[in-house]
Amino acid sequence: MIKYWGKENKELIIPMNNSLSLTLDAFYTETMVTFSKDYLADSFYLDGQQQDEKATKKVSRFLDLVRQKANCSLFASVESHNFVPTAAGLASSASGLAALAGACNEALTLDLSPSALSRLARRGSGSACRSIFGGFVEWEKGSDDASSQAVPILSDHWEEELAMIFILIDDQQKEVSSRDGMERTVETSAFYDGWLSSVNDDLKEAKAAIADKNFQALGAVAEANALKMHGTTLAANPPFTYWSPDSLKAMNLVRHIRQTGVPCYFTMDAGPNVKVLCQKSEVPAIMATLETQFSKDRLTCAYSGPGLTILETEVNK
Ligand code: ADP
Ligand code: DP6
Ligand code: CO
């Protein structure tokens, strides 16, 4: 709803600004981690495929943080399934790293509190700190490792009345990762100051809208905030954009639906896919119009969902 875009501290992943998201039921990750003295190295399987050295190293670096906390030196096997396209701007790093943090906490019986898990997940991918929790979540930027964490936002179950329709434009891996995109933007974009000086007002508006259950106010500020974030990339050096022609087509269609009197607003993350925030009751009408321009198999409706969920734990035999 209000984007995380830029790091104050890259090593610890302390963000430049607070951000706010809605955790969804669709697009999730299932991850199993096993630590064992039988392993001679870490291994990482994603969707049944053993990952290359670079991807495995990224996971290993996260595992090192966990091993340090647990005072453990065992290697691990990580088997993960993304029920979300990976690296396409659909928040696979948020679900993937939240799942990995949760699985490690179980595997090494670290007994971390939800807040401590949020801080741990943050070290893997910033957006993952929010995905530990369900519903509306704010990431409080804090100022150091101990204070930068997500907190659920009280909303009196209002999120249960909302929906997010995904218009899948492209599920392939993006050219510029979120990490590289935000770094380039912070370092070079002439528009980044404008982003930073206005994002806190957007956040205040979004939180007030949630407190008031004011759908149009939340949608309007979320849409404007997403456009502002994407605007910053155009003034980076070298400039870039996550948009494709079909992203614009989708955004225009959402504006058109809104003009016909059905409230709905779009948002986009670091990728070309467009997400439409609406009220549950309007889903059939909005879907019907979206289907006039996008094929049914490119449309997915998601609802508010839970955060980290432990499916099973196997105790050492
Ligand atoms: P996205 O928009 O999908 O979040 P990012 O560029 O932020 O894209 O992050 C993609 C990266 O997140 C992947 O290259 C990988 O390093 C990591 N990632 C995604 N899914 C998983 C997973 N299930 N387990 C571990 N790491 C993952
Ligand atoms: C555009 O959390 O994927 O989706 O912390 O470098 O792993 P890293 O980046 P990531 O960035 C997400 C950016 C965003 C906006 C958001 O999720 O708030
Ligand atoms: Co990401």
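One-based numbering, in listed order, for ligands and for the atoms of each.
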Looking at ligand 2, would S19 count as a contact under a 4.0 Å heavy-atom criterion? no

Any idea which of A87, S80, A94, S178 brings a heavy atom closest to atom 7 (O) of ligand 1? S178

Can you tell me the protein heavy atom closest to atom 9 (O) of ligand 2 and the distance? M182 CE, 3.4 Å

In Å and rounded to the nearest 0.5 Å, what is the OH to CE distance from Y242 to M229? 6.5 Å

For the 3.5 Å polar cut-off, considering only N or O atoms, please tell me whether G124 and ligand 2 meet it. no

Does K204 NZ have over 12 foreign heavy atoms under 6.0 Å away? no

Which residue and atom name correspond to the protein heavy atom nearest atom 4 (O) of ligand 2, and how close is it? D269 OD1, 3.3 Å

Under 3.5 Å, is there a donor on one side chain and an acceptor on the other for T56 and Q51? no

T86 versus ligand 1: do any nitrogen or oxygen atoms come within less than 3.5 Å of each other? no

Under a 4.0 Å heavy-atom limit, does A88 contact ligand 1 with its side chain, its backbone, both, or neither? backbone

Just to verify, what does S198 make a side-chain hydrogen bond (donor to acceptor under 3.5 Å, both in side chains) with, not counting sequence neighbours? K228

Tell me whether the guanidinium CZ or amine NZ of K57 lies under 6.0 angstrom from the six-membered ring centre of F44 and within 45° of its axis. no

Tell me, which protein residue and heavy-atom name are nearest atom 1 (C) of ligand 2, and how many Å apart are they? A270 N, 3.6 Å

Evaluate F215 against E161 for side chain to side chain contact (heavy atoms under 4.5 Å, CB included), listing each step before the verdict. CA-CA 10 Å; F215 177 73; E161 293 166 38; over 6 Å; no

What protein heavy atom lies closest to atom 12 (C) of ligand 2? Include the residue and the distance to one decimal. Y4 CD2, 3.9 Å

Residues S118 and F133: closest non-hydrogen pair is CB-CE1, 4.0 Å

In this structure, does ligand 1 have an atom that sits under 4.0 Å from one of the heavy atoms of F44? yes

Tell me yes or no: between the side chains of T267 and K3, is some donor less than 3.5 Å from an acceptor? yes

Quick one: does NZ or CZ of K280 land under 6.0 Å from the six-membered ring centre of Y303, within 45 degrees of the ring axis? yes

When you look for heavy atoms under 4.0 Å from ligand 1, do you find them on the side chain of L90, its backbone, both, or neither? backbone

Could you tell me the residue and atom name of the protein heavy atom closest to atom 3 (O) of ligand 2, and the distance to it rounded to 0.1 Å? S93 OG, 3.0 Å

Heavy atoms only, cut-off 4.0 Å: how does K174 contact ligand 1, side chain, backbone, both, or neither? side chain

From the options L120, V78, D42, select the one residue that forms a side-chain contact (heavy atoms from CB on, under 4.5 Å) with F62. L120

So, leaving waters aside, the tally of protein N/O/S atoms less than 2.8 Å from the Co ion (ligand 3) stands at 1

Polar-atom distance check: K3 versus ligand 2, any N or O pair below 3.5 Å? no

Do NZ/NE/NH1/NH2 and the carboxylate oxygens of D171 and R298 come within less than 4.0 Å? no

For atom 27 (C) of ligand 1, what's the nearest protein heavy-atom neighbour? Residue, atom name and distance, please. L97 CD2, 4.0 Å

For the 3.5 Å polar cut-off, considering only N or O atoms, please tell me whether T31 and ligand 1 meet it. no

For I169 against A250, the heavy-atom pair lying closest together: CD1-CB, 4.4 Å

Which heavy atom of R67 sits nearest a heavy atom of A76, and at what distance? NH1-N, 4.0 Å

Would R130 count as a polar contact of ligand 2, with the cut-off being nitrogen or oxygen pairs under 3.5 Å? yes

With only distance considered, is S125 within less than 3.5 Å of ligand 2 through an N or O on each side? yes

Give me the atom names and distance for the closest heavy-atom approach of C264 to I286. CB-CD1, 3.7 Å

Would S244 and D246 count as having a side-chain donor-acceptor pair, cut-off 3.5 Å? no

What about G89: any of its N or O atoms under 3.5 Å from an N or O on ligand 1? yes

What I want to know is whether T29 and ligand 1 share at least one N or O pair that is separated by under 3.5 angstrom. no

Please tell me whether S148 and W139 have a donor and an acceptor in their side chains that are separated by less than 3.5 angstrom. yes

